[in-house]
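One structure is given here, and the rest of the page talks about it.
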Amino acid sequence: MEEKKNPVYSRTDTSKVNLTDAEWKNLLSKEVYDIAREKGTEWAFTGKYWNHKEQGTYYCAACGNPLFVSDTKFESGCGWPSFYQPVSKTSVLYAPDNSHGMQRTEVECGRCKAHLGHVFDDGPPPTGLRYCINSVILDFDKAQDAEKKYKEKE
């Protein structure tokens, strides 16, 4: 599979990304596009991060926006990566989702509005929330790698 170059992907740019679905389709892999733009989901217990335990930061795979830190990740038993809190209030957006005969709250990337998953009110303290997120739409950077890159820039 050939990796596509994505000019909007940035872990530091906070400007909103507004592209057409056709533009996104040209930039993203099929797997990421299916989740991000078509609101798909991966099978439970199959994603690369559902049982991931390393320390670091999870980013939007579509645009690079920081979403969650590993300190807020917990084992929920649902089969998808679960977090109790995003990096910041602007990291994610919320939208009602009444598809499939259910009333849920969709979670979208705060920068590019990519579909990430859903949030439920059955999580642990301190928030009581469970952000149930698809692994496909996440990128991960280990804490040590990020610190090393930061020190190289000094």
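Heavy-atom basis, side chains included; hydrogens, waters and symmetry copies ignored.
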Apply the test side chain to side chain donor-acceptor pair (under 3.5 Å) to residues N134 and T41: give CA-CA distance (whole Å), side-chain angles for both, the deciding distance (0.1 Å), then the verdict.
CA-CA 6 Å; N134 289 285; T41 191; 3.0 Å; yes
Full working for side-chain contact (heavy atoms from CB on, under 4.5 Å) between Y59 and Y9
CA-CA 10 Å; Y59 299 86; Y9 189 97; 4.1 Å; yes
The test is side-chain contact (heavy atoms from CB on, under 4.5 Å); show your working for C63 and S10 and say whether it passes.
CA-CA 6 Å; C63 74; S10 171; over 6 Å; no
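Counting only residues at least two apart or on different chains, the salt bridge (charged side-chain N to carboxylate O under 4.0 Å, His left out) pairs with a member in residues 111-132 are D13-R111, D122-R130. The stretch residues 52-73 participates, sequence neighbours left out, in these salt bridge (charged side-chain N to carboxylate O under 4.0 Å, His left out) pairs: E54-K142.
Note: D21 CG to N26 CG = 12.5 Å, rounded to the nearest 0.5 Å. Distance check: L138 CG to T57 OG1 gives 11.5 Å after rounding to the nearest 0.5 Å. L116 CG to C132 SG: the interatomic distance, rounded to the nearest 0.5 Å, is 11.5 Å. Atom CD1 of residue I133 and atom NE2 of residue H115 lie 8.0 Å apart, to the nearest 0.5 angstrom.
For L27 against P7, the heavy-atom pair with the smallest separation is CD2-CD, 3.4 Å. The two residues T46 and W43 make their nearest non-hydrogen contact at OG1-O, 2.5 Å.
In this structure, the side chain to side chain contact (heavy atoms under 4.5 Å, CB included) partners of D34, at least two apart in sequence or on a different chain, are K30, E38. For the ring pair (Phe, Tyr, Trp, His ring centres under 6.0 Å) test, residues two or more places apart in sequence or in another chain that qualify with F45 are W50. Residues passing the salt bridge (Lys or Arg N to Asp or Glu O under 4.0 Å) test with E108, sequence neighbours excluded: K39. Under the rule for a side chain to side chain contact (heavy atoms under 4.5 Å, CB included), the partners of D97 that lie at least two apart in sequence or sit in another chain are S99, R104, E106, H118. T127 meets the side chain to side chain donor-acceptor pair (under 3.5 Å) test with no other residue; sequence neighbours excluded. Remark: S76 engages S82 in a side chain to side chain donor-acceptor pair (under 3.5 Å) (not counting sequence neighbours). With sequence neighbours left out, the ring pair (Phe, Tyr, Trp, His ring centres under 6.0 Å) criterion links Y58 to Y49, H52, F83, F140.
Between R11 and D141, some side-chain heavy-atom pair lies under the 4.5 Å cut-off. Inter-residue side-chain proximity for V32 and R37 is flagged as unmet; no heavy-atom pair is nearer than 4.5 Å. Looking at heavy atoms from C-beta onward, C60 lies in side-chain contact with C112 at the 4.5 angstrom threshold.
Connectivity analysis of hydrophobic side chains (ILVMFWY, heavy atoms under 4.5 Å, direct or indirect) links Y84 to F74. Taking Ile, Leu, Val, Met, Phe, Trp and Tyr as members and joining any whose side-chain heavy atoms lie under 4.5 Å apart, directly or through other members, W80 forms no hydrophobic cluster with any other residue.
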Indicate every side-chain donor-acceptor pair of residues 85-93 with a distance under 3.5 Å to a residue at least two apart or in another chain.
residue, atom, partner, partner atom, Å
S88, OG, T90, N, 3.4
S88, OG, T90, OG1, 3.2
S88, OG, S91, N, 3.3
S88, OG, S91, OG, 3.0
S91, OG, P66, O, 3.2
S91, OG, S88, N, 3.1

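By the criterion of side-chain heavy atoms lying less than 4.5 angstrom apart, applied directly or through intervening Ile, Leu, Val, Met, Phe, Trp or Tyr residues, V8 is grouped together with L67 in one hydrophobic cluster. I137 and V69 sit in two unconnected hydrophobic clusters of ILVMFWY residues. Membership requires side-chain heavy atoms under 4.5 Å apart, directly or through other members.
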